[in-house]
Amino acid sequence: MRSEDVTRKFALWLLDVICVQASYLLANYIRFDGNLRIHQAEGFNWRIALVLVILVTVGNYFVAINHGFMKRSAFQELKVVMTYTVYLSAGLIVTVFALHLILALPRLVVLYFFVGCVCIMFVGRMLVKALAKRAYGLGIAQQMVVLVAPDGTLADAEAGLKLSSGYAVDGRVEIRDRLAHGRLHEDEIDCTTDDLADTLVPYRVDMVYIYTDGMPSENISTLTESLRDTGATVYLSLSMPGVDPSGLSVADFGETQVLAYKDYEPKPYQVAFKRAFDIFAALIGLILTGIISVVLVPAIKLDSPGPAIFAQTRVGKNGKRFKFYKFRSMYQDAEERKKALMAQNQVQGLMFKMDDDPRITKVGKFIRKTSLDEFPQFWNVLKGDMSIIGTRPPTVDEFEQYSGHYKRRLSIRPGITGLWQVSGRSNITDFDEVVKLDLKYIDNWSLAEDARILFKTVGVVLHGTGAE
């Protein structure tokens, strides 16, 4: 299961939990004339609230009550909500009396809960659908797909795909011999199959679907080997002559069964745990950010004119742009002065670093050495643009120079810290070494590895090693 699917299921589960708990609170509020009577014998009870969460979890992950959520009409959704609420009410009654959780469950509370849950959940679901459809229509929440097929077969390939509104075919490329031609977004594509991966790099591409019927095996091999390094998930139709089966897995792409060509697919519980940890750590980090801002913000502004928070467009997972935040450690004209300093760059490749960088302020040297400049990125983590642990997000100009091999470092959410940062980042002077560490992290990712990097990060920050 892809991380996007895990996030979607978690969001629907959270929506159901909120609606059900709101209904239970409302039922008690009405039954007891505006008094919730928390902790009293016949009032709101935390045990009942917990039982409702468990019932919602069973409904979402075992009964699959939300399967086909976006495809249902309003009338169909109302039927599902009513059935769901009957299940929740019956499950609550049976559980309460079977386990003797409370002395009595007032009948009016159950009745008000049923009516309230039907109304609140139906309105909540329809509102979420409306917002999701608007996001899909604007292209915000959609997965961008490039369709690749032999010359003259694009229509057949697209006709066989049945994708939901969560996907948008934004590129169509035909292969003739070893030449690729077509359109991506609004641009013409004309290159060799060997160069197709590099041609896709400047664009946001989440998935590539290769229609293999009639395609020579050498073209399939070339495309799969090169496109996998772009960081996009590569799907191939089931005709698979001459392709190395390593890294292949059967998957559902919309309503079409395909073979997915990707190195590693984390388990759903791993993805959910990592995101839950990110949210928890981000909330703690933002509290700390607020505390240190009391001292840092005046110090930064007194040291040099300009805003205390530096915002810059960076490139995240699969080429998605987002606003990246740090405490400002440089003068405001740093980007303009960078061009004049490029001759003194001490890193080989697509990064810039130099000793005694004149663009760094006095306060900036301190907050960089102590890594305090990174704290505003907890907001990026909470929003989902970044993770606590991952690869560092490049600037737009760096990303536009990437080859397909480099782009694979963006096949995961970028992070505040990562393997590169705890491996002596200031001592690494070759960008290829940075990429090698990032790909090592991606290919060997685990929750245990994240924990190891997190503990090493604490040590690096406390000792001030590797940071300049």
Side-chain angles (χ1 to χ4, degrees), residues 1-4 6-7 10 231 262-289 312 314-320 322-327 351 367-368 370-395 398-399 406-428 431 433-467:
M1 185 181 295
R2 296 180 297 104
S3 60
E4 292 82 6
V6 173
T7 303
F10 176 78
K262 196 173 184 180
D263 287 333
Y264 177 70
E265 190 74 23
K267 300 290 190 299
Y269 79 88
Q270 294 175 314
V271 176
F273 184 90
K274 183 177 176 73
R275 182 60 187 146
F277 174 77
D278 282 345
I279 293 172
F280 172 77
L283 292 172
I284 300 298
L286 287 172
I287 293 172
L288 296 176
T289 303
Q312 185 183 46
R314 292 288 182 101
V315 182
K317 182 179 178 181
N318 290 338
K320 295 178 182 177
F322 67 95
K323 282 293 183 183
F324 171 90
Y325 300 100
K326 296 180 72 172
F327 283 120
M351 288 181 69
I367 62 176
R368 282 188 167 215
T370 56
S371 297
L372 292 175
D373 60 326
E374 310 283 0
F375 271 70
Q377 289 163 49
F378 284 113
W379 176 244
N380 291 120
V381 174
L382 187 63
K383 288 171 60 184
D385 297 324
M386 295 177 62
S387 179
I388 297 296
I389 301 165
T391 60
R392 288 300 284 169
T395 61
E398 290 171 351
F399 173 75
Y406 290 161
K407 192 186 175 188
R408 192 158 76 89
R409 67 192 294 263
L410 297 178
S411 59
I412 62 170
R413 278 196 185 102
I416 295 178
T417 185
L419 188 57
W420 166 50
Q421 286 87 336
V422 300
S423 300
R425 65 180 184 268
S426 294
N427 299 320
I428 298 175
F431 181 65
E433 288 299 315
V434 174
V435 174
K436 186 181 296 184
L437 286 170
D438 286 341
L439 297 187
K440 179 181 178 182
Y441 170 75
I442 292 169
D443 292 337
N444 298 280
W445 180 82
S446 67
L447 293 173
E449 176 67 4
D450 272 6
R452 188 184 72 83
I453 291 173
L454 188 61
F455 283 120
K456 289 194 70 173
T457 298
V458 174
V460 167
V461 171
L462 290 178
H463 291 91
T465 56

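Starting from 1, each residue takes its place in the sequence as its number.
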Task: Shortest non-hydrogen contact between Leu447 and Gln270, atoms and distance - done: CD2-O, 4.0 Å
Task: Distance (rounded to the nearest 0.5 Å) between Phe327 CZ and Leu372 CG - done: 8.0 Å
- [ ] Find out whether Pro393 and Phe322 are in side-chain contact, i.e. whether some heavy atom of one side chain is under 4.5 Å from a heavy atom of the other.
- [x] yes
Task: Exceeds 12 heavy-atom contacts within 6.0 angstrom, atom NZ of Lys440 - done: no
Task: Gap separating the CZ atom of Arg392 from the CE atom of Met386, nearest 0.5 angstrom - done: 5.0 Å
Task: Qualifying residues under ring pair (Phe, Tyr, Trp, His ring centres under 6.0 Å), relative to Phe375, sequence neighbours excluded - done: Phe378
Open item on the list: If I take atom CD from residue Gln421 and atom OG1 from residue Thr391, how far apart are they, to the nearest 0.5 angstrom?
Closed with: 8.5 Å
Task: Validation row: Phe431, Pro394 side chains within 4.5 angstrom (heavy atoms) - done: no
- [ ] Could you tell me the separation between the CG atom of Asp278 and the CG atom of Asn380, rounded to the nearest 0.5 Å?
- [x] 11.5 Å
Task: Minimal non-hydrogen separation, Ala282 against Val381, with atom names - done: CB-CG1, 3.9 Å
- [ ] Evaluate the criterion side chain to side chain contact (heavy atoms under 4.5 Å, CB included) for residue pair Thr395 and Arg314; output intermediate values, then yes/no.
- [x] CA-CA 5 Å; Thr395 61; Arg314 292 288 182 101; 3.6 Å; yes
- [ ] Begin with the C-alpha distance, continue with both residues' side-chain angles, and end with the deciding distance and a verdict on side chain to side chain contact (heavy atoms under 4.5 Å, CB included) for Lys323 and Gln312.
- [x] CA-CA 6 Å; Lys323 282 293 183 183; Gln312 185 183 46; over 6 Å; no
Open item on the list: Applying ring pair (Phe, Tyr, Trp, His ring centres under 6.0 Å), can you list everything that pairs with Phe399, at least two apart in sequence or on another chain?
Closed with: Tyr402
TODO: For residues Leu419 and Glu449, determine if any side-chain heavy atom of one lies less than 4.5 Å from a side-chain heavy atom of the other.
DONE: yes
- [ ] Decide whether Asp450 and Trp445 meet the rule of one side-chain donor and one side-chain acceptor closer than 3.5 Å.
- [x] yes
Task: For the student: nearest non-hydrogen atoms of Lys456 and Val422, plus distance - done: NZ-O, 3.8 Å
Task: Arg275/Arg413 under side chain to side chain contact (heavy atoms under 4.5 Å, CB included): CA gap, chis, key distance, verdict - done: CA-CA 11 Å; Arg275 182 60 187 146; Arg413 278 196 185 102; 4.2 Å; yes
Task: Steps toward side chain to side chain contact (heavy atoms under 4.5 Å, CB included) verdict (Arg409, Leu437) - done: CA-CA 9 Å; Arg409 67 192 294 263; Leu437 286 170; over 6 Å; no
Task: Spacing of OG1 belonging to Thr289 relative to CD belonging to Gln377, to within rounding of 0.5 Å - done: 10.0 Å
Task: Spacing of Ile389 atom CD1 and Ile453 atom CD1 [to the nearest 0.5 Å] - done: 6.0 Å
